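Below is one structure, written out as structure tokens; comments come after it.
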Amino acid sequence: MTTSPSIQIRAVGLTDKGQGRERNEDAYLVDDARGLFLVADGMGGRKGGGVASQAVVKHLPDLLNDRLRHGPARRTLALRDAVFDLNATIRKVGEQGSGLRGMGTTLACILIHGRTAYVANMGDSRIYRWRDGLTCLTQDHSLTALLLREGEISARSAACHPARGQLTRYVGMEQDIYPDVRSERIRPGDRFLLCTDGLWNVLPDSTIARLLGAGTEPASVCSSLVEAAKAAESQDNITCVVVACGTTESRSRIRRPSVYSATEGMR
Ligand code: CA
């Protein structure tokens, strides 16, 4: 738990291998001290996916620190440039490891400072905000999302389209590329959900809204969301981070970052 002058943040992450996968290639980070929260959904090769998503958790905090050192007042740019740097870093990790070439990962992250949430994404992991209703703050970088936006396919056919899952932007891709970045003023009571497609693919917005807006503790919201995705027969890895923004002036103890990685489990 951490405090800013008037916003208290409570955040919890949870991941589940799901029923249809041998490995969990998702990863997440809950770092209260930095105000940094992320989910990553790795892909590529026998072991590349898990390595890529773990490398995001390992490298993004330091890359962000480096960028913030040079321009702490310009967090939108710092986050954008840190993810740009991350793309090259993940590519390098892939080139150096055996069987890792071509690996990649999605990224959905929030950096919270004061009353502002800085949001960045690459790929099709999503960030939702609950505030008297559900809003998706990210746009998927996938072929089906592109076809949907262009009016080429319907939402119904997108769900079972053969190109489903093909990403137009991700971390680790060959091109030097920036993420989408935006900043949002936080209001007390806001709740953010970061999740991989193993969750949002099987849960309708109405279910996500009901569970995220229920007002219960973030840990309980995470459990409810993951259980709902399993009950909806998600065949993918399922990962979510819930960030609840409250209003207390009291100071509280900063926890160690909570990190999940497929090879090391919770640490
Ligand atoms: Ca996935």
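Both ligands and their constituent atoms are indexed starting at 1 by order of listing. From a predicted model like this one, the values you see are computed outputs, not experimental measurements.
Ionic pairing of Asp176 and Arg91 is present here: one or more N-O contacts between side-chain nitrogen and carboxylate oxygen are shorter than 4.0 angstrom. No salt bridge links Arg187 with Asp190; every basic N to acidic carboxylate O contact stays at or beyond 4.0 Å.
Geometric assessment of Arg191 against the ring of Trp130 yields a negative cation-pi assignment under the 6.0 Å and 45° thresholds.
When every heavy atom of Leu143 is checked against every heavy atom of Ala163, the shortest pair comes out as CD2-CB, 3.7 Å.
Ordered by chain and number, Asp41 OD2, Asp197 OD1, Asp236 OD2 make up the set of protein N, O or S atoms under 3.0 Å of the Ca ion (ligand 1).
Checked by atom type, the side-chain pair Thr196/Asp41 shows no donor-acceptor distance below 3.5 Å.
Residue pairs meeting the salt bridge (Lys or Arg N to Asp or Glu O under 4.0 Å) criterion with at least one member in residues 146-158, sequence neighbours excluded, do not occur.
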